Structures are given as C-alpha cells and as structure tokens.
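Bear in mind that the values here come from a model prediction, so they are computed numbers and not experimental data. Numbered from 1 within each chain, the chains take letters A, B, ... in sequence-line order. The figures that follow rest on heavy atoms only: side chains count, while hydrogens, waters and symmetry mates do not.
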There are 2 protein chains.
Amino acid sequence: MGDRQAKDALYDAFGEVAKALASGRRAELVDVLAQGERHVEELADEIGQSVANTSFHLRALATAGLVTTRREGTRIYYRLASDRVAELWAALRDVAAAHHEHLDDLAAAYLGDRSRLEQVGREELAERIRSGDVVVVDVRPAAEFVAGHIAGARSIPVDELAANLRSLPADVEVVAYCRGPYCVFADDAVRLLRRRGRRARRLVDGFPEWRRAALPVEAGVPSPP
Amino acid sequence: MGDRQAKDALYDAFGEVAKALASGRRAELVDVLAQGERHVEELADEIGQSVANTSFHLRALATAGLVTTRREGTRIYYRLASDRVAELWAALRDVAAAHHEHLDDLAAAYLGDRSRLEQVGREELAERIRSGDVVVVDVRPAAEFVAGHIAGARSIPVDELAANLRSLPADVEVVAYCRGPYCVFADDAVRLLRRRGRRARRLVDGFPEWRRAALPVEAGVPSPP
DNA sequence: ACAGTATTCAAGCATGTCCTTGACGAGGTC
DNA sequence: GACCTCGTCAAGGACATGCTTGAATACTGT
C-alpha cells in the first residue's frame with residue numbers, strides 16, 4: 001500500500017474523468033445536458049456535429065461515468081449522472097474565466113458586447129418573484145423548459161419572442177434567463193426587448209445554477225392560459 | 001454573435017483547461033501544489049518522473065493558467081494560480097469518487113483497507129481543538145507544514161513518526177492529517193499509532209479542504225519547544 | 001415476424017500527446 | 001569571467017484522439 005504503481009493508476013483515473021471534459025464538443029454536450037435529458041439527434045443538432053460523432057462523444061462521457069442513459073420507445077435519452085457533474089462543469093468554467101488567457105476575448109466574440117446588458121442576481125430575482133413585480137421568461141428551447149424551469153417562469157423560446165411580444169405586460173420589468181453565463185439566448189432576448197422599449201435584464205447565470213442554489217423550480221408543460 | 005465557429009472556439013477553451021488535468025501525472029502535481037508552492041526537482045520526486053518530463057507537465061499546467069511561478073535564486077517555485085483551482089480539483093475528485101467505475105478498487109489498492117480506520121470530520125476536529133483535548137499531528141513533509149498548516153498542529157512527517165512517538169502524550173487522542181482524502185500519510189500514521197496502543201484517528205480530508213472551509217490556519221516554522 | 005428508424009460500431013487518415021535523451025539558457029557563486 | 005546548478009527546449013518514436021463514411025445493431029410498432 002502506498003506504492004508508485006497503484007498511486008499512478010489512481011490518479012490516472014482522475015485524469016480519465018478530466019479527459020472526458022477535455023474536448024470542446026463534450027463540454028458543449030455537458031452544458032446542454034445540465035438543462036435536462038435529451039436524445040442523441042437533438043444533441044447532435046445542438047453541437048453542430050454528425051450523429052455518429054455525437055454518439056462517439058456521448059460514449060466517452062458515459063464511459064467516464066459523467067452521463068447515463070434511459071430508453072423511451074425508439075429513442076435513447078442522455079442525462080448527467082448527478083448534480084456533482086454540473087458542479088464540476090461550473091468549477092471548470094470558473095477556473096477558465098479566472099485564469100485562461102484568452103477566455104474574455106473568446107466569450108466576447110461569441111456573446112458580443114455585454115457592457116450595456118444589465119444583469120440581475122439570483123437572490124434579487126428570487127426576492128422580486130416573491131413580491132410579484134417582475135415577469136420571468138425562460139428563453140431556452142421548449143424541451144428544456146419542460147424538463148425543469150424557475151417556478152413561475154413563462155416559456156418563450158428566443159426565436160419566438162418577437163412574435164409574442166404583445167403577450168408580455170408593457171409596464172413590468174422582464175427578466176430573461178437561459179442555460180448559463182455563456183449562453184446567448186437571454187442576451188439576445190434582452191437586447192430585443194430593450195429595442196422595443198421594454199425594461200429588461202438577464203439573470204447572471206442560468207437555470208442549472210438556480211436549481212443548485214435550491215431556489216424554487218417547477219417542471220412540466222406550461223400551465224394553460 | 002452566437003455563431004457556430006465562435007461557440008466552438010469558446011468551448012474549446014474550456015476543454016483546454018480540462019485537458020490540463022487530463023493526465024494522472026498532472027493531477028498528482030495539482031494535488032501536491034494544493035499544499036503550497038514547491039520547486040521542480042521536489043515535484044519531480046513527488047510524482048516519480050524525470051525533471052524534464054515534470055517540467056513539461058508543469059508547462060502544460062502553466063499554459064492552461066492553472067499554475068504560476070516565482071523565481072528565488074536558482075530555483076523556480078510553482079504554485080496553484082488560485083483557490084479556484086483547488087476547488088476544481090476537489091470537484092473532479094468528487095465526481096470520480098461518485099461515478100468512475102473502478103475508483104473504489106484503485107483507491108483500495110493504493111490506500112489499503114480503510115474499514116477499520118476511524119475518521120474525524122472537520123467541524124468535530126475544530127471543536128475538539130477549541131476544547132483542547134486532542135493532539136493534532138501534521139504528517140506531511142516538513143516543507144508543506146511550513147507553507148501552511150492547521151492552527152496548533154505539530155509537524156511530524158510520517159517517516160519520522162516512529163522515532164518521535166514518546167514526544168506525544170499517551171493519554172490524549174491523536175488526530176493525524178495530510179494532503180487530502182487520497183493521501184496515505186495519515187492512514188499510515190494512524191495505523192502505526194494504534195499498533196502502539198494509542199487512540200488515533202485521521203481527519204477525513206486534508207489541509208487544503210480545512211483552509212478552504214475557512215477554519216484556523218497558521219504558516220511558518222514550528223514554534224520552539 | 002417484418003419493416004422502419006434511432007443509435008452505435010468499425011475502418012481509416014490526419015493530428016496530437018507522453019516520455020526519453022541530449023543540448024541549451026538563465027542565474028548564482030567562486 | 002569561468003564554472004556550476006536548475007530548469008527548459010527540441011527531436012523522435014510509440015501510441016491515442018477526433019472526425020468522416022458506410023455498415024451493423026437493437027429496439028419499436030404494426
């Protein structure tokens with residue numbers, strides 16, 4: 001006990017888990033799966049890869065233990081193995097944001113200029129929801145809303161927002177949220193709303209962080225009008 | 001903004017950070033550096049690799065931003081870029097412990113049977129230190145004790161423990177701690193102490209976790225007898 | 001049992017990673 | 001200034017990874 005070979009093998013196992021996240025495509029998959037389960041074809045579409053290659057990456061994640069599967073009819077749904085995986089993913093993002101040399105530039109290139117985009121913190125939003133003077137809009141794809149969302153939120157996927165503008169009360173501030181700090185959906189939604197003269201901000205991070213903070217969530221289809 | 005190419009580049013950057021940990025040797029380095037700064041030759045010795053290869057891995061960690069350096073005379077000291085990195089490392093260990101298929105076996109092969117090894121939690125130990133009815137022994141190498149240790153602990157590196165047994169009071173329980181949950185030093189120390197008829201337990205994790213929990217720490221050489 | 005479809009597997013190529021050896025470079029010391 | 005030490009860099013060989021294409025598998029639903 002305590003010998004070199006066994007130690008190397010143990011730490012190699014930690015390395016294997018890290019290797020599962022050591023690919024941009026797999027990182028994207030984890031980011032999507034942190035919203036809830038999805039099947040292979042959807043995931044392939046999300047990450048812009050062939051189904052075969054997506055399946056290959058999902059297998060890598062499954063082999064490392066980060067995701068598990070469930071069959072429903074002819075589809076196979078993948079989901080994160082547990083909340084710990086989402087926490088690992090959040091820790092990885094944190095370290096990258098703090099220490100990766102070019103992350104700011106890359107984020108700016110993908111997200112655009114956020115300096116004029118007002119954000120709202122989780123606790124403040126929870127408070128405003130309790131007092132009822134805010135409309136919370138989930139701008140992720142509908143499937144992710146169904147898998148779980150902030151209690152009381154309305155589902156309006158970002159590409160349907162322009163068409164549904166008038167269903168939002170004009171005199172109440174809107175808070176949009178999406179997948180997390182590196183997701184563009186809420187940014188685009190807030191920009192659109194402000195161009196139309198609405199008061200709008202985005203939640204600083206996304207639904208997975210809200211859920212992990214043990215704030216109120218719901219799941220299932222939107223309640224009828 | 002929001003295009004495929006920029007998104008891929010951003011997530012590739014997250015992947016690069018994960019890749020820095022995607023090697024058992026680099027994981028070992030991070031585990032050691034979580035104790036405090038060390039120079040290349042020491043690190044090479046710790047991970048059982050050539051100096052050249054250790055330098056290569058340290059460069060990989062530095063390029064990803066996980067470690068930084070400081071020159072002192074002819075030596076170069078490496079340290080973790082921040083506490084976030086230690087948190088990422090802890091999150092990685094958690095996920096591996098929960099989901100890696102063979103981690104239990106690998107840990108057992110390296111650490112030996114822990115079923116008869118009693119452990120003590122951080123909060124309980126903090127309480128017992130306040131009431132003063134426990135001796136806390138830091139069994140890591142002396143350099144790591146100097147870089148930082150639990151307030152009030154004594155430094156007795158594990159391979160010097162047998163020779164210093166009589167300096168420990170016989171009627172007080174001993175709690176040994178070391179680098180973390182996958183470190184053998186405290187296990188070996190507790191086993192030795194119990195064979196010699198002492199009451200002894202190990203802290204569940206190690207010094208980095210104690211410090212991150214904002215419990216009392218000190219640094220510097222042991223106070224004179 | 002059969003056809004249909006979602007997913008996985010296999011082969012193949014280009015590219016990247018790990019570790020070794022030997023030479024080089026930056027700083028300190030005499 | 002010459003020498004010494006610590007650390008880094010470069011080249012090279014064995015091996016692993018990422019993506020594509022095309023075929024195989026494992027279910028479902030009738």
Only pairs under 3.5 Å count here: list side-chain donor-acceptor contacts from residues 211-218 of chain B, not counting sequence neighbours, and write none if there are none.
{"residue": "B/R211", "atom": "NH1", "partner": "B/D83", "partner atom": "OD1", "Å": "3.1"}
{"residue": "B/R211", "atom": "NH2", "partner": "B/A34", "partner atom": "O", "Å": "3.4"}
{"residue": "B/E218", "atom": "OE1", "partner": "B/H149", "partner atom": "NE2", "Å": "3.1"}

Side-chain atoms of residues 89-98 of chain A: list all donor-acceptor pairs with protein atoms under 3.5 Å, sequence neighbours left out, distances to 0.1 Å.
{"residue": "A/W89", "atom": "NE1", "partner": "A/D31", "partner atom": "OD1", "Å": "2.9"}
{"residue": "A/R93", "atom": "NH1", "partner": "A/E209", "partner atom": "OE2", "Å": "3.4"}
{"residue": "A/R93", "atom": "NH2", "partner": "A/E209", "partner atom": "OE2", "Å": "2.7"}

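Here A/Y77 lies out of heavy-atom contact (under 4.0 Å) with every strand.
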Scan nucleotides 1-6 of chain D against the protein and return all N/O pairs shorter than 3.5 Å with their distances rounded to 0.1 Å.
{"residue": "D/dC6", "atom": "O4'", "partner": "B/T74", "partner atom": "OG1", "Å": "3.2"}

If you restrict it to nitrogen or oxygen atoms, what contacts under 3.5 Å exist between nucleotides 9-15 of chain D and the protein, and what is each distance?
{"residue": "D/dC9", "atom": "OP2", "partner": "B/R59", "partner atom": "NE", "Å": "3.3"}

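Atom CZ of B/R191 sits about 12.0 Å away from atom CG of B/L193, to the nearest 0.5 Å. A distance of 11.5 Å separates CG of B/L61 from OG1 of B/T68, quoted to the nearest 0.5 Å.
Every residue meeting the side-chain contact (heavy atoms from CB on, under 4.5 Å) condition with A/E16, not counting sequence neighbours, appears here in chain and number order: B/H100. With sequence neighbours excluded, the residues that form a side chain to side chain donor-acceptor pair (under 3.5 Å) with A/E72 are A/R70. Not counting sequence neighbours, the partners of B/D138 by the side chain to side chain donor-acceptor pair (under 3.5 Å) test are B/R140, B/Y177. For the side-chain contact (heavy atoms from CB on, under 4.5 Å) test, residues two or more places apart in sequence or in another chain that qualify with A/S82 are A/R84, A/V85, B/H99.
Put simply, chain A comes within 4.0 Å of DNA chain C, heavy atom to any atom, from C/dA6 to C/dC9, going 5' to 3'.
Applying the salt bridge (charged side-chain N to carboxylate O under 4.0 Å, His left out) definition to pairs two or more places apart or across chains, those involving residues 39-48 of chain A are A/R38-A/E42, A/R38-A/E46, A/E41-A/R75, A/E46-A/R179.
Between A/V67 and A/T69 the shortest side-chain heavy-atom distance does not fall below 4.5 Å. In this structure, the side chains of B/R154 and B/L168 come closer than 4.5 Å at one or more pairs of heavy atoms.
Under the 4.0 Å criterion applied to side-chain N and carboxylate O atoms, B/K7 and B/D3 are not assigned as salt-bridge partners.
Ring centers of B/F145 and B/F207: at least 6.0 Å apart, outside the cut-off.
Within a heavy-atom distance below 4.0 Å of DNA chain D, the residues of residues 10-28 of chain A found are A/K19, A/S23, A/R26.
The shortest non-hydrogen separation linking A/D205 to A/P181 is CB-CD, 3.8 Å.
As rounded to whole Å, 8 Å separates atom P of D/dT17 from atom CZ of A/F56. Separating the CZ atom of B/R4 from the P atom of D/dC19 is a distance of 12 Å, rounded to the nearest angstrom. Spacing between atom CZ of A/R71 and atom P of D/dC27 amounts to 5 Å, rounded to whole angstrom units.
The closest donor-acceptor contact from the side chain of A/S55 to the backbone of A/V51 lies at 3.5 Å or more, if one exists at all.
Direction of the helix axis in the helix from C/dA1-D/dT30 to C/dC30-D/dG1 shifts by 40° between the two five-pair termini, rounded to 10°.
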